[in-house]
Enquirer: 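Got a structure here, written out as structure tokens. Questions coming.
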Amino acid sequence: MERFDAYMERCLYGADGFYRTAGTAGRRRGDFITSPEVGPLFGAVLASALDAWWDDAGQPDDWAVYDVGCGPNALLKAIRRARPMEERPWRLVGIDRVHGGADGSTPPSPDRGIERAVELPDDLSNAVVVANELLDNMPFRIIEHSASGEWFEIHVDNGVERRCGTEARLDIPAGTRAPRLEQADRWCHSVIERQPARLLVFDYGATTTARLARRGGWLRTYQSHRRGTDPLYEPGRWDITTDIAVDQLPAPHRVMDQRRFLIEAGIEGLVDEGREHWKAHAHRPDITAMMMRSRVSEADALLDPDGLGSWLVLEWGTSLATTRP
Ligand SMILES: C[S@@+](CC[C@H](N)C(=O)[O-])C[C@H]1O[C@@H](n2cnc3c(N)ncnc32)[C@H](O)[C@@H]1O
């Protein structure tokens with residue numbers, strides 16, 4: 001019998017786990033689309049924000065951007081496209097526990113201008129750390145507050161769920177369950193302790209665990225664009241993921257939805273630029289013109305209030321003022 005987080009660890013990152021077997025180049029077989037996978041616009045917006053933060057920090061020579069849980073580098077490639085090496089005074093570094101090569105996994109083929117590291121350095125004072133859809137994929141425990149007021153923790157025993165009595169508690173109503181995000185919390189703490197100029201987390205979730213528990217549906221599985229029903233079905237063949245609860249993480253300096261973040265970071269200007277470029281080149285379109293035109297539909301997806309636009313953006317950093325979500 002194993003606790004749910006140990007089961008999830010095995011299903012996603014074990015020798016036959018979902019992330020180890022999902023395609024030769026480390027690509028998941030289109031199981032779901034993340035913001036950088038929508039197209040290059042997300043990275044272009046982030047590149048503008050990175051420029052501004054580098055300026056705010058006094059333009060240090062040794063500035064670096066780390067993408068943790070970078071997968072096959074979709075975000076870093078988009079940033080590189082928006083800010084080619086010659087124009088960009090900062091390093092781009094990808095870290096991924098599966099595609100890093102440190103544990104015997106196949107390292108990704110080198111991408112010009114994008115470094116790979118196994119872990120973050122101890123001093124992050126001249127660095128921005130980005131994690132897009134990382135925390136939801138970190139193994140979590142599941143705690144149940146039963147209708148009769150007892151507390152249980154979910155275990156898995158040969159493909160069957162077992163509820164075991166527990167001392168663990170979450171702030172959730174009776175008759176509900178919720179994830180306990182210990183690993184995600186530890187990871188955030190370990191980054192914040194190294195005092196990054198900024199830690200930027202994009203993920204789906206809610207501000208409180210109670211809200212997640214009441215709403216339900218926070219535990220999901222995916223395979224080839226299909227939503228599964230049961231995380232115990234076909235272990236290792238499905239991605240397992242949870243909505244995150246902000247109140248289980250170190251208190252962020254700023255919380256907002258992705259829509260607002262991207263608008264503040266200038267997405268609308270980039271879309272207008274794309275429209276104008278397309279108008280000027282539509283009679284003889286090349287790749288750049290096509291990319292510029294696609295900004296319009298990419299923005300629709302990234303800002304969708306019922307989709308990616310509702311993802312949470314959490315920010316930590318010494319220079320940030322606290323705002324309410
Ligand atoms: C849902 S994918 C997101 C990929 C990419 N960030 C994107 O937005 O397309 C989550 C990635 O996080 C990686 N991952 C999970 N736990 C990790 C950890 N502790 N450190 C680094 N990478 C991790 C997985 O291997 C996987 O590639």
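What you see is a predicted model; the values in this text were computed from it and never measured. Order of appearance sets the numbers: ligands from 1, and atoms from 1 within every ligand.
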Enquirer: Does atom CZ of Arg169 have more than 12 heavy-atom neighbours, drawn from other residues, nucleotides or ligands, at distances under 6.0 Å?
Expert: yes
Enquirer: Examine the proximity of ligand 1 to Thr241 and report which part, side chain or backbone, both or neither, has a heavy atom under 4.0 Å away.
Expert: neither
Enquirer: Kindly identify the option in Tyr222, Tyr13, Phe202 whose heavy atom sits closest to atom 15 (C) of ligand 1.
Expert: Tyr13
Enquirer: Relative to the heavy atoms of Glu37, which atoms of ligand 1 are at a distance of less than 4.0 Å?
Expert: 9 (O)
Enquirer: Determine whether any heavy atom of Pro36 lies closer than 4.0 Å to an atom of ligand 1.
Expert: yes
Enquirer: Against the six-membered ring of Tyr13, is Arg97 placed for a cation-pi contact (under 6.0 Å from the centre, within 45° of the normal)?
Expert: yes
Enquirer: Answer yes or no: does atom CG of Asn158 have more than 12 heavy-atom neighbours from other residues, nucleotides or ligands under 6.0 Å?
Expert: no
Enquirer: Above 12 or not: heavy atoms from other molecules or residues under 6.0 Å from CZ of Arg215?
Expert: yes
Enquirer: Near Asn137, which atoms of ligand 1 are under 4.0 Å from a heavy atom of that residue?
Expert: 1 (C), 2 (S), 10 (C)
Enquirer: Taking the six-membered ring for Trp, are Phe261 and Phe202 ring centroids under 6.0 Å apart?
Expert: yes
Enquirer: Please tell me whether Asn137 and Tyr19 have a donor and an acceptor in their side chains that are separated by less than 3.5 angstrom.
Expert: yes
Enquirer: Which of the atoms of ligand 1 are close to Thr34, meaning less than 4.0 Å from one of its heavy atoms?
Expert: 7 (C), 8 (O), 9 (O)
Enquirer: What atoms of ligand 1 come within less than 4.0 Å of a heavy atom belonging to Glu133?
Expert: 1 (C), 2 (S), 3 (C), 10 (C)
Enquirer: Quick check on Asp61: does its CG atom have over 12 non-hydrogen neighbours (other residues, nucleotides or ligands) under 6.0 Å away?
Expert: no
Enquirer: Backbone, side chain, both or neither: what part of Met138 comes under 4.0 angstrom of ligand 1, heavy atoms only?
Expert: side chain
Enquirer: Below 3.5 angstrom, do we get any N/O pair linking Trp187 and ligand 1?
Expert: no
Enquirer: Quick check on contacts: which atoms of ligand 1 are under 4.0 angstrom from a heavy atom of Val68?
Expert: 21 (C)
Enquirer: Quick check on contacts: which atoms of ligand 1 are under 4.0 angstrom from a heavy atom of Tyr19?
Expert: 1 (C), 2 (S), 26 (C)
Enquirer: Do any nitrogen or oxygen atoms of Asp96 come within less than 3.5 Å of a nitrogen or oxygen of ligand 1?
Expert: yes
Enquirer: Atom CD of residue position Glu315 - does it have more than 12 heavy atoms of other residues, nucleotides or ligands inside 6.0 Å?
Expert: yes
